[in-house]
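Before any comments, here is the structure.
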Number of protein chains: 2
Amino acid sequence: MASSNTKQAIMNAAAQIIHQDGILEMTLESVAKQADLSKGGLLYHFPSKEDLVKGLVDHQMQVYMENIKAGAENDTTNKGKWTRSFIQETFRQSTSNKELDAGLLAAIAYDPNLLNPIQEAYQHWQQQIEEDELDPVKATILRLAVDGLWFSEIFGLAPLAKELKEEVLHELITLSKGE
Amino acid sequence: MASSNTKQAIMNAAAQIIHQDGILEMTLESVAKQADLSKGGLLYHFPSKEDLVKGLVDHQMQVYMENIKAGAENDTTNKGKWTRSFIQETFRQSTSNKELDAGLLAAIAYDPNLLNPIQEAYQHWQQQIEEDELDPVKATILRLAVDGLWFSEIFGLAPLAKELKEEVLHELITLSKGE
DNA sequence: GACAAAAAACCGTCCAGACGGTATACTAAA
DNA sequence: TTTAGTATACCGTCTGGACGGTTTTTTGTC
């Protein structure tokens, strides 16, 4: 119980360091310090650095997956429900949740294999989106657009002004309701 | 003249290692070996590792910028020319040029500040796209969609099948020609 | 064109520091 | 007294980069 909280604190600390100072600054010591813990204490919860990165990715992905599934299932309109849920949830993650960003970057830096769970989830979503009672090409463009928005936030590549961002989201949702 | 070739070879080597083995494997020694050079020789051309990463980013961005500018200027239709050029060139980069990917990932890992030139270029393009005689929201969505496509290639997040990818490109270009 | 001198390109070794991880000791609660 | 959790000390390895040297290319002069 303390264990679970500490684990969470450690992952938060790691994500924050990655976000602020870059991946190379995320050392066991720096994470431990940020989480107000000793290196030994950290290693008790994550026996290796790879375990830490894996923990980051897996934990964030679990939430991400559950939310998208729930969004699709609770949508009263069948047509485009997966596309819509994907748009909503990815938009939300991209603007508020920096931990998934950190996990993504850490994973590709430390070991591309750690991306596997994310890649599998995406494969599944892409399939749902292509079979969403919409034109597959247009639906895919909607998916790519939110991904692009997320991308722009991660790397700071002309992230959209708040107002434009809201308009883009609104338009994407509208388009997800079909022709 | 040998200098220029060697520099290019070194950057190629660095990009290849990043792409194959990840950022952490890109050490001065591994790059030197891949470029068929000694560590001393490498450090002659790039006095520090940061210089190497900066070189990667700057060189690739220069090409990227020139191509987008040229594409817009050579477009006979005024409406949507920047959006179209951005789509074309980013699509091209995302499918064939892995060096910009490598530069992007290396930069964010080693020092987020190294992303500045890319960020400035994007800011400029975004502005052109918003003033491209198209609906700004729709034009922005097109931009984001190609970025999303690039994103999907970098991280392997459900990269599109070849055929779908072509259809998406075609549709984006069509949409860039206005309502 | 010959050739010395200077500059450019390149090599291999060495080292201080940082890092991941182990071993072990401590502490508080049950 | 056991055990989960934390702390401290320590070790072996790797890495960036400094450095002194060597080879190759260019340049200036006759």
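Side-chain atoms are counted along with the backbone in the values below, which use heavy atoms only and exclude waters and symmetry mates. Sequence lines set the chain letters: A, B, ... in the order given, protein chains first and strands last, and positions in each chain run from 1.
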Inset, instruction - Determine the sole option in Trp125(A), Trp82(A), Tyr122(A) for which the side-chain contact (heavy atoms from CB on, under 4.5 Å) test with Arg143(A) is passed. - result: Tyr122(A)
Legend entry - Separation between CD1 of Ile17(A) and CG of Asn12(A), rounded to the nearest 0.5 Å: 11.0 Å
Legend entry - Per-nucleotide protein contact string for nucleotides 15-24 of chain C, where B marks a base within reach and S marks sugar-phosphate only (heavy atoms under 4.0 Å, - for neither): ----SBBB--
Inset, instruction - Answer yes or no: does a side-chain N or O of Thr6(B) lie under 4.0 Å from OP1 or OP2 of dA9(C)? - result: no
Inset, instruction - Determine the interplanar angle of the Trp150(A) and Tyr64(A) rings, folded into 0 to 90°, and report it as parallel if under 30°, tilted if 30 to 60°, perpendicular if over 60°. - result: perpendicular
Inset, instruction - Go through the steps to decide whether His124(B) and Gln128(B) satisfy the test side chain to side chain donor-acceptor pair (under 3.5 Å), and finish with yes or no. - result: CA-CA 6 Å; His124(B) 176 246; Gln128(B) 302 294 332; 3.0 Å; yes
Inset, instruction - Please work out if Leu37(A) contacts a base, only the sugar-phosphate, or nothing of the nucleic acid, heavy-atom cut-off 4.0 Å. - result: sugar-phosphate
Legend entry - Nearest-angstrom distance from the residue atom CG of Asn5(A) to P of dT6(D): 10 Å
Legend entry - N or O in side chain of His45(A) less than 4.0 angstrom from dA4(D) OP1/OP2: no
Inset, instruction - Could you state the atom-to-atom distance from CD1 of Ile10(B) to C1' of dA9(C) in whole Å? - result: 11 Å
Inset, instruction - Would you indicate whether the side-chain heavy atoms of Glu130(A) and Leu164(B) approach each other to under 4.5 Å? - result: yes
Inset, instruction - Locate the shortest heavy-atom distance separating Ala9(B) from Ala35(B); write the atom from each residue and the value. - result: O-CB, 4.1 Å
Inset, instruction - Mind calculating the distance between CG (Leu42(B)) and C1' (dT13(C)) to the nearest angstrom? - result: 16 Å
Legend entry - Length of the OH-C1' vector between Tyr44(B) and dA7(C), whole Å: 8 Å
